[in-house]
Amino acid sequence: MAFYDKIRNIDRRVIFLLIGLSVALPLIFTIRFPEFPTPMVKQIFGLMEDLPPGAKVLVSFDYDPASEPELQPMATAWMRQLAEKRAKIYIMALWPIGQDMARLSIDALKRDLADKERETGEKVPFEYGVNYVNLGFKSGAQGVINVVLTDFEKMYPTDAAGQALSTIPLMKEARSLKDFDLIVNISAGTPGLKEWIQFGADPAGVRIVGGSTAVQAPLLYPYYPKQLYGLLGGLKPAAEYEKLMGDRYPQYADIQKNKGRIRMGAQAVAHLVIMAFIIIGNITFFIDRRRERSR
Amino acid sequence: MSRGRIVFLVAGGLFLAFLLFRSATGGMVPPWPHTVETQAMEPQYNEFGLLVGENAVTTGATSWKGPLTWFAAFLTLCILSFLYDDNPLYKFAEHLFVGVSAAYWMVMGFWTTLVPNLFGKLTPNLVSGVLEGVKDNTPEWHYVIPLIFGILLLTRISEKFGYLSRLSLAFIVGTTAGLNFVQYLKSDFMLQITQTITPLVAIGAEGFSFWGTFSNIVLFVGVICGLIYFFFSKEHTGVFGAASRIGIWVLMISFGASFGFTVMGRIALLVGRMEFLLRDWMNLVVG
């Protein structure tokens, strides 16, 4: 009974410590599990793979470092795939730090492409103004989307670096949101994917795929499949996407280039510990109830 | 002193000792600025200016990565210390975070929106020094209107003229409400209802789909029973009561799924921070 009472009244700090260890140890000893991509992840991957060379894709980075662990892996995977597919990438942000998160992705992609060129000799073109453009951040949330729906230049007189939009070759092909083949949104809250569906994709009639934090995902699933083509909700689908990328493009198969898959090891062990505590909590609940009834 | 506090202090002391030991033995990034040496090959010429070979040249630059990483790790530990109990270190990190975030928002808002979208339109030549792209633009004087509205917003800080800010606020509220109303009605109401109306028997390109049909039936039953639960004008008894109870189950399952996702998200954030502490700071990751 003493053991039962100890388990029943376990100090919350002991639980925190166990969760901390369950995250730390798999990270230290690099414990990893295989990933099995789900149909929705495969569907998004397939859509990206089917993009013709030169397809115009708008990528909006609507998150900040607080959500980086979940969202950066999917952002990087998408940027790699878009570059490999020779898509024309238009980057913007509705969150102030989104612009810097985009810069992180661009820098990572440039390093990846340089590695690829060194290893295989194949050069993927990724030149500013020709293959991609960074429009940067504008405040105004859905108001920004509402303006770019009809005219980009009205909202963006210049790109993130201060260069006039009219002098950027890529911007000559996309005057408004309606000119795009696909919208990709990576968001951690408001403004984010919901606003992009409501104010961007729906009125423009452009297909949209999204990546969101796990917390946000249940609120976004109702838009699937007609208003939202696919959703990566949290770290798990991001890791699955990285697996698909590694299978299709072997230069990205190296686990060190796949943050999502590295993090999923720790995530899976932590989930097992949480599940164990939920089971213990339920057992103690039923034992207590039986005791009360028998009194 | 309580037993818990003694355990906390002992654990904290051991952790500090571990950090000192690791940084002293060169296992971690040093907490002070250090010189990072980079090697590059430079061409070597003879007295006639002819290329005779290459020389390895080492250049050193001061790196602030160490102190910045240590400071970031300190702030992370301050935030995590809340798990033990509320304390001044946690409050310090929290206030610093809020202050820096607010300042960053303000600075970004000024340089990315006000400068190009307002001053760049009104006085392109004035801002062309910092924003070359607007140099040749002609002034668009109608942007004076948002400028006036913006200034009126600032009158809130004055007791005497504070009422003037209501004009701007009314405009903002009215525009946002109007904009949201139309799109919410279309995307969140009409289109969501349309999406819910699906045939119970799913027949795709490859013929009858068992799981598609099952999914559509679950959607139909779930929506109807969920709505019945929220229908309070009739007593929840008989068939109506049974449907209402199914509605409760549907809601509970959806809440459970949301909770599961929330746990997943929070753990992912913890993994990100732990990764920073263990890999970038303590250099403890094996492989």
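Hydrogens, waters and symmetry mates play no part in the numbers below; they use all other heavy atoms, side chains included. Because the structure is predicted, anything quoted here is derived from the model rather than measured. Protein chains get the first letters and strands the later ones, always in sequence-line order, with residue 1 at the start of each.
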Where does [X] contact chain A at under 4.5 Å (heavy atoms): side chain, backbone, both or neither?
X: B:K186; value: side chain
X: B:N180; value: both
X: B:Y84; value: both
X: B:L179; value: both

Walk me through whether A:V215 and B:R266 qualify under side-chain contact (heavy atoms from CB on, under 4.5 Å). CA-CA 8 Å; A:V215 176; B:R266 300 301 178 226; 3.7 Å; yes
Taking [Y]'s backbone N and O only, do any of them form a donor-acceptor pair with [X]'s side chain (distance below 3.5 Å, no angle check)?
X: A:Q198; Y: B:S187; value: no
X: B:R279; Y: A:I28; value: no
X: B:T113; Y: A:S139; value: yes

Under the ring-ring contact (aromatic ring centres under 6.0 Å, His included) test, residues paired with A:Y128 that sit two or more places apart: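 A:Y128 satisfies ring-ring contact (aromatic ring centres under 6.0 Å, His included) with A:Y132 only.
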Identify, with sequence neighbours excluded, every residue that meets ring-ring contact (aromatic ring centres under 6.0 Å, His included) alongside B:F74.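 With sequence neighbours excluded, B:F74 shows a ring-ring contact (aromatic ring centres under 6.0 Å, His included) to no residue whatsoever.
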If you measure only the distance, is there a donor-acceptor pair under 3.5 Å linking the side chains of [X] and [Y]?
X: B:D188; Y: A:Y223; answer: yes
X: A:Q163; Y: B:E132; answer: no
X: A:D202; Y: B:Q183; answer: no

Roughly how far, to the nearest 0.5 Å, is CD1 of B:I267 from CE of A:M264?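 The CE atom of A:M264 sits 11.0 Å away from the CD1 atom of B:I267.
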Contact listing (chain B partner; residues 144-153 of chain A; heavy atom under 4.5 Å):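 A:N146, A:E153, listed by number.
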Which pairs pass salt bridge (charged side-chain N to carboxylate O under 4.0 Å, His left out) with one or both residues in residues 93-103 of chain A, sequence neighbours excluded?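 Every pair satisfying salt bridge (charged side-chain N to carboxylate O under 4.0 Å, His left out) with a residue in residues 93-103 of chain A: A:D100-A:R103.
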Shortest non-hydrogen contact between [X] and [Y], atoms and distance:
X: A:G233; Y: B:M264; value: O-CE, 3.5 Å
X: A:G162; Y: B:L131; value: CA-CD1, 3.7 Å
X: A:A66; Y: B:L269; value: O-CD2, 3.2 Å
X: A:Q267; Y: B:A268; value: OE1-N, 3.2 Å

Would you please classify the geometry between the A:F137 ring and the B:W105 ring as parallel, tilted or perpendicular, with 30° and 60° separating the classes?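 Perpendicular, since the angle between the ring planes exceeds 60°.
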What's the verdict on side-chain contact (heavy atoms from CB on, under 4.5 Å) for B:T112 and A:Q99, showing C-alpha distance, side-chain angles and the deciding distance? CA-CA 10 Å; B:T112 61; A:Q99 183 179 308; 4.0 Å; yes
Using the side-chain contact (heavy atoms from CB on, under 4.5 Å) rule, take B:Y104 and A:I97 through it: C-alpha gap first, then chi angles, then the decisive distance, then the call. CA-CA 8 Å; B:Y104 192 88; A:I97 309 183; 3.3 Å; yes
